[in-house]
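Each remark here refers to the structure printed beneath this line.
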Amino acid sequence: MGKIILTGDRPTGKLHLGHYVGSVKMRKVLQEDKTYSEIYILLADLQALTDNATNPDKIRKNIIECALDYLACGLDPNRLSICVQSSLPALYELYMYYLNLVSTKRLERNPTVKSEMQMRGFDQEGLPVGFYTYPISQAADITAFCATTVPVGEDQDPMIEQAREIVEKFNNIYGNVLTLPETMHPSSEISKRLPGLDGKSKMSKSLGNAIYLSDESEVLKEKIMKRMFTDPTHLQINDPGKIDGNMVFTYLDIFATDKDFKELLPEYNNLNEMKEHYKRGGLGDVKCKNFLYNILNNFLTPIREKRHYWESHISDIYDIIQDGTKKALIKTNNTLDKVKEAMKIDYFNDKSKITKEWEEWLASNRMD
Ligand code: ATP
Ligand code: MG
């Protein structure tokens, strides 16, 4: 049997460059790889509600926005199933069972949840229980699909670690039912956690520091020219400049190719030459930013165009998600059946089984 992939996104906004380099790009490669017999992309609306409970419209709208972004990027619904978390009851049933396998102490140790709590002000305002326990819900998602492989950004490492612990504990207690998942990261270090425009933290929908895959060219230009963090000590063109922590060079590292230099900035053969010039002094930020803008705009133009096509075919999007969810329903219910049997809570599956067991108990009691 081939390997199985589960990955996904919280439908809390449109997808940004961080999603592309951290996850979507890998999905495109994996959908061409026959090692993987099943690929599921989960629109994690229940997880999104854990910190957006008062804003259901936002989640509903972003289910469609995310699906539009997937198709715009070239994810192929014939090869992978796009499915909606809340329409897959097995996921929240498993979550309920897994809640008993994790201690509150263990949840408190999760560094990603800690920083996300702080970011959302939950450390002061009171923490929704659903948010606190979302790593357990994520373990339910992963195991329900019997995922062997979970392609994600680096911020998800603690979640996969938690899922692996749950699998090991479950299998120890109830028998070997669940599949132990492994993470898969992009090979480039920066792509594992792409920083945002501000250069302070990872690019994130929640932090307002993102370049969206659907940003129109004027918006892209404005973000790069006016908001992208460079080197604050590089005031005059002739001042020496810093590359480390300079977002223009961080993004060029990922997106610029030698071909781009030939076509757009032929005075340098490659990025190293450009960086050396910037470090010595004599190369201005505006020129660097213009180059980056042109590269990103060339990259985003076909994505934008495809998105515009799908935006006028929403009923097809609906069918694609519904179809993917139907497949996911079968898959996840199948896992749930095995889990319930292993946990001995499959009461109504087979009348004769429980009556026979009862007779055996009676017989053994009589012998006592
Ligand atoms: P939110 O702020 O709502 O949590 P987000 O921007 O963190 O949104 P998610 O939906 O939580 O996005 O993440 C979806 C996937 O994208 C995950 O696999 C995550 O690791 C990856 N990802 C998100 N942001 C980045 C980033 N800046 N760099 C690399 N990967 C990322
Ligand atoms: Mg996130």
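The figures that follow rest on heavy atoms only: side chains count, while hydrogens, waters and symmetry mates do not. Both counts, for ligands and for their atoms, begin at 1 and track the order of listing.
Below 3.5 Å of separation, one finds an N or O of Gly153 facing an N or O of ligand 1. At least one N or O atom of His19 sits closer than 3.5 Å to an N or O atom of ligand 1.
Taking each of Arg10, Lys14, Arg27 in turn, the one with a heavy atom nearest to atom 10 (O) of ligand 1 proves to be Arg10. Taking only non-hydrogen atoms, the option from Lys205, His185, Glu116 nearest to atom 8 (O) of ligand 1 is Lys205.
Judged by the shortest distance from any of its heavy atoms, Arg120 lies inside the 4.0 Å radius around the atoms of ligand 1.
Both tests do not hold together for Lys331 against Phe145: distance to the six-membered ring centre under 6.0 Å, angle to the ring axis within 45°.
Within the 6.0 Å centre-distance limit, the rings of Tyr174 and Phe170 are counted as a close aromatic pair. The aromatic ring centres of Tyr95 and Tyr92 sit 6.0 Å or more apart.
Nearest non-hydrogen protein atom to atom 31 (C) of ligand 1 is Gly18 O, 3.6 Å. Looking only at protein heavy atoms, the nearest one to atom 28 (N) of ligand 1 is Leu194 N, 2.9 Å.
When heavy-atom distances to ligand 1 are checked against a 4.0 Å cut-off, Thr12 comes that close only through its side chain, counted from C-beta outward.
The OG1 atom of Thr149 sits 9.0 Å away from the CD1 atom of Ile4 when rounded to the nearest 0.5 Å.
A heavy-atom distance below 4.5 Å is not found between the side chains of Tyr70 and Pro77.
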